Amino acid sequence: MHTEHDWITTPLTADLLRGALDLERTEHGLLPHRLPARARAQNTNAQLAMAEAQPSGVRLVLRTAATAIELDTLRTKRDYVGLPSRPDGLYDLLVDGRPAGQASGTGGNVLTVDMATWDGEVTPGPVGTVRFTGLPAGEKDVEIWLPHNETTELVALRTDAPVQPLPDRGRRVWLHHGSSISHGSDAASPTAIWPAIAASLGGVELVNLGFGGSAMLDPFTARAMRDTPADLISVKMGINIVNGDVMRLRAFGPAVHGFLDTIRDRHPDTPLLVVSPIHCAIHEDTPGPTAPDLSEIDKGRLLFAAMGDPAEKAAGKLTLGVIREELARIVRHRAADDPNLHYLDGLDLYGESDAAELPLPDHVHPDAATHRRIGERFGALAFTEGGPFAAQG
């Protein structure tokens, strides 16, 4: 730690964080969770456990005159056997809402995953420090967005001036649930995931329940959304149902109804937007499951392939095309009695022509440029005049 500042250590507490539904006290500090303890207790899936503990959309929010900030963290990076090491996660600094810096953590644990077996092994490492200096003088609103793709335990916060929680700015809260695409897979940084881009355009506070590989219509996720205060709610569903091959058409429709019913239990009139999948060529007409192409991993590349047979649609196996039709039908049916329920076709966010221009690098996940396009289109379609999330009055 540098010594040229007279550091003030401020306890890390819930009122300094936004975007997390729970904080777990660990031996090192605080671990932000994006699912509450009750939901985590009902989950038996290791991928969801990892995803919900990665703080996508979670940020430290302060009002301070500090010109230097240090944050001690213990990160857990993910690497995959046979593939190049993933880049370090980034912390994005915003000052009065504008980008003001980026930094990576140091030290930390490494979780190495074998994609042939999905077994993982953790190599422990030390606590590291993220440092921002040269902030403008005077009182200002400061946000530090945590890495969207690294588990991050918050250990200590130091500044060279006192801090206080950021007051409520009167912004609406947008609660969003989706897959790894909403989680931010392959986005450039935490404020560059498409929901963060859309939230910035809409002037809203984001609570991001995008979980890599885990938008499975889990009832405990619906209950978490039901119990979370929100002014706007969206659910982007479909791709994980297909690539996990977890249900057939017979089960999908009732599961969607049940998920929406649960949210509506405590959000009966909240604008609720159902978003269908973006274009994904391998699954438009071919069912799942999705699997990594192990021959490409041997070449040091990660590509995904559809393992189903298009003929299986006749037996009720799901494709993205089938899911879009069913979601549109369900929303059309329910909207007759629920005027605040809306549907957005994912192809309007990223369609076949977009895929020709900006192909999905691994056949499933968008790159940084595509995250920006999706976020900007969602902002235009949802938050502008006439959209389901447009400000009233």
Side-chain angles (χ1 to χ4, degrees), residues 17-21 34 55-61 92-100 141-146 148 166-179 181-184 187-211 215 225 228-237 263 267 269-278 331 335 338-351 354 366 368-393:
L17 285 165
R18 291 193 183 155
L21 298 193
R34 295 185 296 129
S56 180
V58 179
R59 59 267 185 208
L60 196 66
V61 290
D92 281 346
L93 173 70
L94 303 184
V95 174
D96 291 331
R98 293 183 291 274
D141 294 345
V142 173
E143 302 176 42
I144 299 175
W145 287 62
L146 305 181
H148 60 285
L166 189 65
D168 184 353
R169 294 176 286 188
R171 294 179 175 178
R172 296 176 297 166
V173 174
W174 170 34
L175 175 63
H176 174 71
H177 172 52
S179 67
I181 298 169
S182 298
H183 188 143
S189 74
T191 58
I193 66 173
W194 80 257
I197 292 168
S200 177
L201 293 171
V204 296
E205 295 284 354
L206 173 66
V207 179
N208 184 24
L209 304 188
F211 302 132
M225 298 183 74
T228 299
D231 302 292
L232 311 163
I233 300 173
S234 55
V235 179
K236 190 173 183 299
M237 61 182 83
I263 293 172
H267 297 283
D269 302 313
T270 303
L272 174 54
L273 179 60
V274 174
V275 188
S276 65
I278 65 170
V331 172
D338 185 351
N340 293 311
L341 179 67
H342 308 274
Y343 175 72
L344 175 59
D345 190 331
L347 297 178
D348 292 335
L349 299 174
Y350 177 87
D354 299 299
T370 305
H371 270 278
R372 175 151 297 280
R373 177 168 296 186
I374 293 170
E376 290 174 348
R377 286 188 177 167
F378 188 95
L381 292 167
F383 288 105
T384 58
E385 185 176 356
F389 291 169
Q392 304 297 313

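Keep in mind it's a predicted model, so treat the numbers as computed, not measured.
Expressed to the nearest 0.5 Å, how far NE2 of H267 lies from CG of L272 amounts to 9.5 Å. For the atom pair L21 CG and L175 CG, the distance stands at 7.5 Å (nearest 0.5 Å). Rounded to the nearest 0.5 angstrom, R377 CZ and T370 OG1 are separated by 9.5 Å. Here the straight-line distance linking atom CG of L232 with atom CG of L206 works out to 11.0 Å at 0.5 Å rounding. Here the straight-line distance linking atom CG of L349 with atom CG of L381 works out to 6.5 Å at 0.5 Å rounding. Atom CD1 of I144 is separated from atom CG of L60 by 5.0 Å, given to the nearest 0.5 angstrom.
Checked by atom type and distance alone, the side chain of R59 pairs as donor or acceptor with a backbone atom of G57 at under 3.5 Å. With hydrogens and angles disregarded, a donor-acceptor distance shorter than 3.5 Å links the side chain of T384 to the backbone of A380. A distance-only check finds no donor-acceptor pair linking the side chain of N340 to the backbone of T270 [under 3.5 Å]. Listed for the E376 side chain is no donor-acceptor partner under 3.5 Å among the backbone atoms of I374. With hydrogens and angles ignored, the 3.5 Å screen pairs a side-chain donor or acceptor of H177 with a backbone N or O of L209. A distance-only check finds a donor-acceptor pair linking the side chain of H148 to the backbone of G184 [under 3.5 Å].
A salt bridge links D354 with R373: at least one charged nitrogen is closer than 4.0 Å to a carboxylate oxygen. Salt bridge annotation for R172-E205: absent, with no cationic side-chain nitrogen under 4.0 angstrom from a carboxylate oxygen.
A198 approaches G379 most closely through the heavy-atom pair CB-N, 4.2 Å. When all heavy atoms of P195 and N208 are compared, the closest pair comes out as CG-OD1, 4.2 Å. For the pair S182 and G210, the tightest heavy-atom approach, listed with the atom from each and the gap, is CB-CA, 3.9 Å.
Within the 4.5 Å cutoff, the side chain of V274 has heavy atoms near those of the L341 side chain. Residues V235 and L273 form no side-chain contact, since every pair of their non-hydrogen atoms from C-beta on lies 4.5 Å or further apart. Counting only heavy atoms from C-beta outward, the side chains of I278 and K236 approach each other to under 4.5 Å. By the 4.5 Å heavy-atom criterion applied to side chains, I233 and P271 are not counted as neighbours. Using a 4.5 Å heavy-atom threshold, the side chains of W174 and V207 count as separate. By the 4.5 Å heavy-atom criterion applied to side chains, L93 and E143 are not counted as neighbours. Between V204 and V173, every side-chain heavy-atom pair lies at or beyond the 4.5 Å cut-off. In this structure the side chain of P366 reaches within 4.5 angstrom of the side chain of I181, judged on heavy atoms.
Between F378 and W194, the ring planes are tilted. Angles from 30° to 60° get that label.
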request  = Evaluate side chain to side chain contact (heavy atoms under 4.5 Å, CB included) for V58 paired with R34, printing each intermediate quantity in order.
outcome  = CA-CA 8 Å; V58 179; R34 295 185 296 129; 4.2 Å; yes
request  = Under the side chain to side chain donor-acceptor pair (under 3.5 Å) rule, what do S276 and Y343 come out as? Steps first, then yes or no, please.
outcome  = CA-CA 8 Å; S276 65; Y343 175 72; 3.0 Å; yes
key: From CA spacing to verdict: side chain to side chain donor-acceptor pair (under 3.5 Å), S234, H176   = CA-CA 5 Å; S234 55; H176 174 71; 2.6 Å; yes
